[in-house]
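To start, the structure under review is shown below, and the notes come after it.
Predicted model only: the values in this text are computed from it and were never measured. Numbers here are sequence positions counted from 1. All values below come from the heavy atoms of this structure, side chains included, with hydrogens, waters and symmetry mates left out.
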Amino acid sequence: MSTTESADSDELFVLTAVLLTPARFPSVLGDDYPEACAGLGLAPRGTGYGLVLGQDGGGARWTVATDDVPLVACAIAAWDCGMAYDLSPGADSIVGALPGWPLALAVSAPGVPRPHDPEPRDGDPAPLAPPDAGRWGPAQRRLGADEIALRWAVWREQVDGEVTFVAPGAHPHHGVRRVLHEARGYLAQPPPPGRVRSSFAAGEARTLRVDGPGWSMVARTDDIAFVLLDEEPGSVHPVGRGPELPGLLASLDALAADHGRLRRLPGTGVVRPVC
């Protein structure tokens, strides 16, 4: 367990941390990096932030934003490798402390009351809270795409290896056709940072996460793609490679690189407890 200081100079028991950068941020927060920052009341600075989630001595939930991104990245990399790391951002690096947690955590600090939102004070923002798992919306759609990216092999096994987008004599799915059209449009008019993200995959491939208004796409540059839509709760549409998808995915991966990917560190940004 590591500690830092909250905005009120109370000790904060650190439970976990995530990056909030153009290349890597919790998808649940938004379709792109500026939207994710706006939801937390933060300016979308180019180098991003680290978000430290923990509890104060009274058990209240707090999310502390720091501009010391390398420190948080090193902590996440160490935890992913099973190593202990004392994450204690300096007071001068803390940008702000927000009540609540934007992500669901299954852990809590020992020796303090159970996690709860702090008592509201005049001028305080509403406490951050994870999305409602019982309803379908943009956050759940993006979380679904995260799950496919995390468990690619499991989802890929459910799809015929010869799947094609349009079978002979069939008409393309309108929603999927719209997604592919809008994704191609990103090549002509680059979207806000974070709409297209690229990460390591097996071999020489990359895993792509592409988001847009009402849709998410997750793909492997050497394989197929999956599309999720706001208007179709819980549905996942596979898109076969065909003649066009490989070139589109390669171009989107290059676009992610042009947006200045951070040096890749171990880990996926998935919430995990501090060791």
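- No side-chain heavy atom of Leu53 sits under 4.5 Å from any side-chain heavy atom of Trp62.
- Partners of Ser235 under the side-chain contact (heavy atoms from CB on, under 4.5 Å) rule, at least two apart in sequence or in another chain, are Glu232, His237.
- Contacts of Trp152 classified as ring-ring contact (aromatic ring centres under 6.0 Å, His included), with partners at least two apart in sequence or in another chain: Phe226.
- Between Leu208 and Met217 there is no side-chain heavy-atom pair separated by less than 4.5 Å.
- Within the structure, no pair that satisfies the ring pair (Phe, Tyr, Trp, His ring centres under 6.0 Å) test touches residues 116-136, not counting sequence neighbours.
- When side chains are defined from C-beta on, Asp67 does not count as touching Thr47, because their heavy atoms never get closer than 4.5 Å.
- Evaluation of the side-chain hydrogen bond (donor to acceptor under 3.5 Å, both in side chains) rule for Arg114 yields no partner, not counting sequence neighbours.
- In terms of heavy atoms, Ile224 sits closest to Gly240 at CG2-CA, 4.0 Å.
- Proximity of a side-chain donor or acceptor of Ser251 to a complementary backbone N or O of Gly247 within less than 3.5 Å is detected.
- No donor-acceptor pair under 3.5 Å is formed between the side chain of Arg177 and the backbone N or O of Leu180.
- One finds the CG atom of Leu71 at 10.0 Å from the CD1 atom of Ile76 (value rounded to the nearest 0.5 Å).
- For Gln140 (side chain) and Gly134 (main-chain N/O), no donor-acceptor pair under 3.5 Å exists by modelled atom type.
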Derivation of the side chain to side chain donor-acceptor pair (under 3.5 Å) call for Trp215 and Glu182: CA-CA 10 Å; Trp215 59 267; Glu182 292 184 12; 2.6 Å; yes

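- Residues forming a side-chain contact (heavy atoms from CB on, under 4.5 Å) with Glu231 (at least two apart in sequence, or on another chain): Arg178, Leu229.
- Salt-bridge check for Asp124 with Arg121: passed, with a basic side-chain N closer than 4.0 Å to an acidic carboxylate O.
- Of all the heavy atoms in Ala205 and Thr221, the pair that sits closest is CA-OG1, 3.5 Å.
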side-chain contact (heavy atoms from CB on, under 4.5 Å) evaluation trace for Leu12 with Val64: CA-CA 9 Å; Leu12 185 76; Val64 174; 3.6 Å; yes

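- The number of heavy atoms from other shown groups lying within 6.0 Å of CD (Glu119) does not exceed 12.
- The two residues Pro193 and Pro22 make their nearest non-hydrogen contact at CB-CB, 4.0 Å.
- Contact detail for Thr21 and Phe25: the closest heavy-atom pair is O-CD2, 3.3 Å.
- When atom types are taken as modelled, the side chain of Gln55 and the backbone of Arg61 share no donor-acceptor pair closer than 3.5 angstrom.
- Between Gly39 and Leu128 the shortest heavy-atom distance is O-CD2, 4.3 Å.
- At least one donor-acceptor pair under 3.5 Å links the side chain of Thr66 to the backbone N or O of Ser93.
- Val69 and Gly50 get closest at one heavy-atom pair: CG2-N, 4.1 Å.
- With Asp223 as reference, Arg156 is the one residue of Arg206, Arg241, Arg156 to meet the salt bridge (charged side-chain N to carboxylate O under 4.0 Å, His left out) rule.
- Cys74 SG to Asp68 CG: the interatomic distance, rounded to the nearest 0.5 Å, is 9.0 Å.
- Listed for the Glu11 side chain is no donor-acceptor partner under 3.5 Å among the backbone atoms of Asp56.
- The side-chain heavy atoms of Ser108 and Phe13, taken from C-beta on, include no pair separated by under 4.5 Å.
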Residues Val239, Val227; criterion side-chain contact (heavy atoms from CB on, under 4.5 Å); working and verdict: CA-CA 7 Å; Val239 180; Val227 168; 4.0 Å; yes

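- Separation of atoms OH (Tyr85) and CG (Asp80) is listed at 13.5 Å; rounding is to 0.5 Å.
- For the pair Asp253 and Leu249, the minimum side-chain heavy-atom distance is 4.5 Å or more.
- When side chains are defined from C-beta on, Val18 counts as touching Pro26, because their heavy atoms get closer than 4.5 Å.
- For the 3.5 Å distance criterion, the side chains of Asp211 and Ser216 qualify, holding a donor opposite an acceptor.
- Put simply, the side chain of Cys37 reaches to within 4.5 Å of the side chain of Leu20, judged on heavy atoms.
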Pair Leu40-Leu51, side-chain contact (heavy atoms from CB on, under 4.5 Å): steps then yes or no: CA-CA 10 Å; Leu40 299 175; Leu51 300 179; 3.7 Å; yes

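- In this structure the side chain of Pro130 never reaches within 4.5 angstrom of the side chain of Val28, judged on heavy atoms.
- From Tyr49, atom OH reaches atom CG of Leu42 across 5.0 Å, with rounding to the nearest 0.5 Å.
- Residue pairs satisfying the side chain to side chain donor-acceptor pair (under 3.5 Å) criterion with at least one member in residues 25-37, sequence neighbours excluded, are listed as follows: Ser27-Asp146, Ser27-Arg197, Ser27-Arg209, Asp31-Arg141, Asp31-Arg142, Asp32-Arg195.
- Side-chain contact, Arg184 with His181: no donor N or O sits under 3.5 Å from an acceptor N or O.
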